[in-house]
Amino acid sequence: MARYTINYLNGDSETIEADGVEYDPDARDYTVVGGQQVVALVPTANVQSVRRQDDKAVTN
């Protein structure tokens with residue numbers, strides 16, 4: 001799974017692990033998929049950006 005950082009318009013952010021994030025223009029949300037299931041729906045009205053983190057840049 002990849003890590004995605006979601007930055008919200010109010011300045012908050014969160015990191016999620018998912019197989020993918022897809023934009024759904026009909027629903028106007030980001031669909032977060034993990035394990036071949038929808039695990040979250042993120043409304044675009046609250047989102048500033050969705051970024052996939054580069055696994056090589058992550059350090060512990």
Side-chain angles (χ1 to χ4, degrees):
M1 281 194 203
R3 290 185 182 179
Y4 294 85
T5 299
I6 302 172
N7 295 305
Y8 296 98
L9 293 175
N10 66 0
D12 291 344
S13 65
E14 69 177 315
T15 300
I16 58 172
E17 288 190 17
D19 292 327
V21 176
E22 299 176 8
Y23 175 67
D24 182 345
D26 294 329
R28 294 184 182 176
D29 65 17
Y30 292 98
T31 303
V32 182
V33 179
Q36 298 179 346
Q37 295 181 20
V38 173
V39 295
L41 299 173
V42 181
T44 59
N46 299 331
V47 174
Q48 180 177 8
S49 65
V50 176
R51 258 189 32 209
R52 181 172 185 219
Q53 294 182 359
D54 181 0
D55 294 339
K56 294 178 184 175
V58 174
T59 60
N60 293 327

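Considering only residues two or more places apart in sequence or on other chains, V39 meets the side-chain contact (heavy atoms from CB on, under 4.5 Å) condition with V32. Looking at residues two or more places apart in sequence or on another chain, you find a side-chain contact (heavy atoms from CB on, under 4.5 Å) between D26 and D24.
The shortest side-chain heavy-atom distance between T15 and Y4 does not fall under the 4.5 Å cut-off. The shortest side-chain heavy-atom distance between D29 and V42 does not fall under the 4.5 Å cut-off. Residues R3 and I16 are not in side-chain contact: their nearest non-hydrogen atoms beyond the backbone lie 4.5 Å or more apart.
Atom CD of E22 has 12 or fewer neighbouring heavy atoms from other residues, nucleotides or ligands inside a 6.0 Å radius.
Listed by first then second residue, pairs satisfying side-chain hydrogen bond (donor to acceptor under 3.5 Å, both in side chains) with a partner in residues 38-49 read N7-S49, not counting sequence neighbours.
Closest of all the heavy-atom pairs between D19 and M1 is OD1-CG, 3.1 Å. Of all heavy-atom pairs spanning V21 and Y30, the tightest one is CG1-CB, 3.9 Å.
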Give the C-alpha distance, both sets of side-chain angles, the deciding distance and a yes or no for side chain to side chain donor-acceptor pair (under 3.5 Å) between Q53 and T5. CA-CA 7 Å; Q53 294 182 359; T5 299; 2.6 Å; yes

